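On a predicted model such as this, the values are computed, not experimentally measured, just so you know.
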Amino acid sequence: MTVFPALRTGAVIQYPAERSTAYSTSVSRFVDGTEQRSPDHPTAVRKWTVRLNQLDEGELAALDAFFTLVHGSADAFSFTDPWDGTVYHNCTLQQDDIQQIWNAPGDARTQLVILENRT
């Protein structure tokens with residue numbers, strides 16, 4: 001399985017970073033106005049917003065190669081949560097394109113959103 005690439009420092013994200021957890025609930029509304037709620041899935045879905053700054057050409061090339069390998073949001077990959085070290089083996093990117101902003105040679109930035117897929 002493809003693994004999300006690390007930076008030259010060995011880190012996969014830079015701070016400030018964001019991680020969120022979402023739960024999915026179905027709501028059935030009845031004619032008498034009452035509701036019944038039930039979970040759609042037994043576990044939460046995780047999402048990481050990865051902001052990367054001051055990337056050099058090699059790091060950006062590795063991200064581009066990774067993006068091409070997983071076909072944007074099409075293919076799954078493994079991602080290691082930097083907060084607790086847990087490896088999530090079924091993740092995808094939220095976007096189908098990668099925006100790169102160059103400030104100067106050796107100083108680029110980009111942002112990716114990683115979603116954990118339900119199995």
- Message: Within this structure, what is the CG-OG distance for the pair L93 and S73, rounded to the nearest 0.5 Å?
- Response: 7.5 Å

- Partners meeting side chain to side chain donor-acceptor pair (under 3.5 Å) with N53 (sequence neighbours left out): none

- Query: With a cutoff of under 4.5 Å between side-chain heavy atoms, which Ile, Leu, Val, Met, Phe, Trp and Tyr residues group with V45?
  - Reply: none

- Query: Checking side-chain contact (heavy atoms from CB on, under 4.5 Å) for the pair L52/L7: CA distance, chi angles, key distance, verdict?
  - Reply: CA-CA 9 Å; L52 301 170; L7 302 174; 3.9 Å; yes

- Between L63 and P5 the two heavy atoms that sit nearest each other are CD2-CG, 3.8 Å

- Task: Compare every heavy atom of C91 with every heavy atom of N117, then report the nearest pair and how far apart it is.
- Result: ND2-C, 3.5 Å

- Message: Applying a strict under-4.5 Å side-chain criterion to I, L, V, M, F, W and Y, I'd like to know whether Y15 and V50 cluster together.
- Response: yes

- Message: For R37, give me all partners under salt bridge (charged side-chain N to carboxylate O under 4.0 Å, His left out), at least two apart in sequence or on another chain.
- Response: E35

- Task: Tell me who clusters with I101, hydrophobic residues only, linked when side chains sit under 4.5 Å apart either directly or through other members.
- Result: none

- Residues forming a side chain to side chain donor-acceptor pair (under 3.5 Å) with D32, sequence neighbours excluded: T34

- Task: Carefully, step by step, assess F79 and T92 under the rule side-chain contact (heavy atoms from CB on, under 4.5 Å).
- Result: CA-CA 9 Å; F79 179 73; T92 53; over 6 Å; no

- Task: Mind jotting down which residue pairs meet the ring pair (Phe, Tyr, Trp, His ring centres under 6.0 Å) criterion with at least one end in residues 49-77? Sequence neighbours excluded, please.
- Result: F4-F66, F66-F77

- Are a donor atom and an acceptor atom from the side chains of D81 and T86 found within less than 3.5 Å of each other? no

- Flag side-chain contact, heavy atom, 4.5 Å: K47 against E18: no

- Under the side chain to side chain donor-acceptor pair (under 3.5 Å) rule, collect the residues that match up with N103, sequence neighbours excluded. none

- side chain to side chain contact (heavy atoms under 4.5 Å, CB included) partners of T80, counting only residues at least two apart: V87

Which pairs of donor and acceptor atoms, one on a side chain in residues 106-115, lie under 3.5 Å apart (sequence neighbours left out)?
from	atom 1	to	atom 2	distance (Å)
T110	OG1	Q99	O	2.6
Q111	OE1	R51	NE	3.3

- Message: My understanding is that only residues two or more places apart in sequence, or in another chain, count here; which of them pass side chain to side chain contact (heavy atoms under 4.5 Å, CB included) with Q100?
- Response: L60, D64, I98, W102

- Task: Please name all residues satisfying salt bridge (charged side-chain N to carboxylate O under 4.0 Å, His left out) with D56, sequence neighbours left out, ordered by chain then number.
- Result: R8

- Message: Taking side chain to side chain donor-acceptor pair (under 3.5 Å) as the definition, give me every residue that meets it alongside S20, ordered by chain and number, with sequence neighbours left out.
- Response: none

